[in-house]
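Note that the structure is a prediction, hence the values are computed from the model and not measured. Atoms within each ligand, like the ligands themselves, are counted from 1 in listed order. Along the sequence shown, the residues carry numbers beginning at 1.
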Amino acid sequence: MVFNSSIRYLDKRLTVDEIDIEAIVNEVGTPAYLYSLARMRRNFHRLRTAFASVNARLHFSVKANGNLDVLRALDAVGAGFDCVSGGEIYRVLEAGAVADDIVFAGVGKTRAELAYAIKNGVGWINVENVGELALIDQLAGDANGKAVRVALRLNPEVTALTHPHMATGHGAAKFGMTADVIRDLLDRPEAYPRIRFAGIHMHIGSQLGDLSATLAALDKLLALTTDYPWINAINLGGGLPVAYRFNEAIAAPDQLAVQLSHRLKGYDVLLEPGRAIVADAGLLVAEALYVKRQAGQTFVVVDASMAELIRPALYGAHHEIVPLRQIEGDTVTTQVVGPVCESADLLGADRELPPLKPGDKVALMTAGAYGMTMASNYNARPRPVEAVVDGERWWVSRRRETYADLLRNEV
Ligand SMILES: *Cc1c(COP(=O)(O)O)cnc(C)c1O
């Protein structure tokens, strides 16, 4: 499903929580990201309910959407946060979250980032290599001598069936440590006196429809926790799938939870969902600039591009594209392209769309995750505005960048 209880047509107009999107973009312009906070809360509650039997703690993966209003809304309903950089920790703290609710993950944390995380007292550090442990141990001593709670990231050497760029759990991936390395560490925890080894972490990829890889990885993880029973926390990472296409069926979170829960009984369980909380709560609105017929094809050039939404260019990802005003009648096979000077700047190939004319507006659906966080200034394009809808209200959460913003840091 691409439309949902928050993002749907009412009286032939696309709406976010019953607010006409055209009314919003008439004020804020295009391209514009819009988010429904109600939908994000609902997705969060749905996951929490699904995993209630193991009392899972949900840490929202900030790299999916770092908007401060989004972070505040999720903090208010009890989410923790999964950060992969010092910058993300900074954003989360600025949003008002408690440092103890932060998990700090990442393959290449710098000394400065680790020192920043430890100084602020983040709840967990997910460690991905042995060298990092010595550094954490030293920095913990410099800071206050308090033990730092650590989860070791297991590379389970299983390959998830997803886009190759989204698979992170195979042996050849740069992520995590293999089980034998983790065993060596857990055999002599006293080598790191200021580290409290408390959990094992895994995250084998994103858009994981295929539960068998997750179960195989979890079994490898449980082999470790069985041999080291003083490890009582399991962090399963993120990766819960989202439907990007009309009528695409994906496993509901409670179905996934049922298959995992009995194996997790007795452990403190953490999850790091990103996409599953925010993707279908957001969209990117663009305006058609030009329509041209060329080489037997119809091109609609819109004012959004791979700079605002890189997923199609980066992963060959599919985002449904729909007009803001539902128009009856024959559709045209349309190539929806952006203005950026790259052939990869193709937002939608061979889409059946009503005949669009300049000035018509379309929405790129399911763009609430890995949209704005991956946006760039390529082609010196100011990054787009972000607006949030909360119940009957909406507001500009992050203003559109200006040309002056493009030069801000140049000396
Ligand atoms: C990206 C990432 C996540 C979130 O993945 P989703 O597919 O958005 O749920 C969780 N944990 C880690 C370690 C990640 O790198």
Side-chain angles (χ1 to χ4, degrees), residues 40 43-44 46-48 50-51 56-67 70-71 74 79-85 87-89 92 101-109 113 117 122-129 132 150-156 160-170 173-177 199-211 213-214 217-218 221 233-244 250-251 253 256-257 260 269-282 311 314-315 317 366-374:
M40 293 178 182
N43 288 338
F44 177 81
R46 187 153 174 243
L47 283 184
R48 186 151 66 182
F51 286 90
R57 179 103 184 97
L58 303 187
H59 291 261
F60 172 63
S61 182
V62 177
K63 74 178 193 282
N65 190 325
N67 176 281
V70 168
L71 301 180
L74 293 174
F81 296 94
D82 163 43
C83 297
V84 292
S85 69
E88 286 189 354
I89 295 172
V92 167
D101 290 335
I102 295 175
V103 168
F104 183 26
V107 236
K109 307 177 195 74
E113 286 178 311
V122 305
W124 286 91
I125 299 182
N126 292 345
V127 169
E128 302 218 14
N129 67 72
E132 200 183 328
V150 152
L152 299 172
R153 179 167 179 178
L154 172 67
N155 182 324
L161 283 179
T162 183
H163 188 280
H165 291 177
M166 295 192 202
T168 56
H170 50 288
K174 67 181 176 178
F175 300 96
M177 297 174 277
I200 308 286
H201 172 234
M202 66 180 220
H203 170 75
I204 63 168
S206 206
Q207 275 300 74
L208 301 173
D210 140 56
L211 192 63
T214 303
L218 179 57
L221 191 157
I234 294 179
N235 183 334
L236 292 174
L240 293 164
V242 161
Y244 280 95
I250 52 146
L256 299 174
L260 297 173
V269 179
L270 295 84
L271 294 174
E272 301 169 338
R275 191 188 308 273
I277 291 176
V278 292
D280 73 0
R311 299 190 67 257
L314 187 61
Y315 308 118
T366 327
Y370 306 101
M372 185 62 171
T373 50
M374 286 188 166

_Protein heavy atom at shortest distance from atom 14 (C) of ligand 1_ =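 Closest protein heavy atom to atom 14 (C) of ligand 1: K63 NZ, 2.8 Å.
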*For atom 10 (C) of ligand 1, what is the nearest protein heavy atom, given as residue, atom name and distance?*
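The answer is E272 O, 3.1 Å.
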Tell me which part of [X] gets within contact of ligand 1: side chain, backbone, both or neither, using heavy atoms under 4.0 Å.
X	result
D82	side chain
S61	side chain
R275	both

_Taking 4.0 angstrom as the limit and counting only heavy atoms of P273, give me the atoms of ligand 1 inside it, by number and element._
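Counting atoms of ligand 1 from 1, those under 4.0 Å from P273 are 9 (O).
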So is [X] in contact with ligand 1, going by heavy-atom distances below 4.0 Å?
X	answer
A276	no
Y370	yes
G239	yes

Taking all atoms of both residues into account, what is the closest heavy-atom pair of [X] and [Y], and its distance?
X	Y	value
A233	W124	CB-CH2, 3.5 Å
Q207	V242	OE1-N, 2.8 Å
L71	G66	CD1-O, 3.5 Å

*Would you check if F51 and L271 make a side-chain contact, meaning some heavy-atom pair closer than 4.5 Å?*
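Sidechains of L271 and F51: in contact.
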*asked:* Would you say that N67 contacts M372 through its side chain, given a criterion of any heavy-atom pair below 4.5 Å between the two side chains?
replied: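 They are not in side-chain contact.
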*Could you walk me through whether N43 and V278 pass side chain to side chain contact (heavy atoms under 4.5 Å, CB included), step by step?*
CA-CA 8 Å; N43 288 338; V278 292; over 6 Å; no
*Sole residue of H203, R57, H201 in side chain to side chain donor-acceptor pair (under 3.5 Å) with E272*: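 Between E272 and the candidates, side chain to side chain donor-acceptor pair (under 3.5 Å) is satisfied uniquely by H201.
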_Out of S206, A105, G238, who is nearest to atom 7 (O) of ligand 1 when you count heavy atoms only?_
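It is S206 whose heavy atom sits nearest to atom 7 (O) of ligand 1.
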*Would E132 and K109 satisfy salt bridge (Lys or Arg N to Asp or Glu O under 4.0 Å), going step by step from the backbone distance to the final call?*
CA-CA 8 Å; E132 200 183 328; K109 307 177 195 74; 2.5 Å; yes
*Under 3.5 Å, N or O to N or O, is G274 touching ligand 1 that way?*
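So ligand 1 has an N or O lying under 3.5 Å from an N or O of G274.
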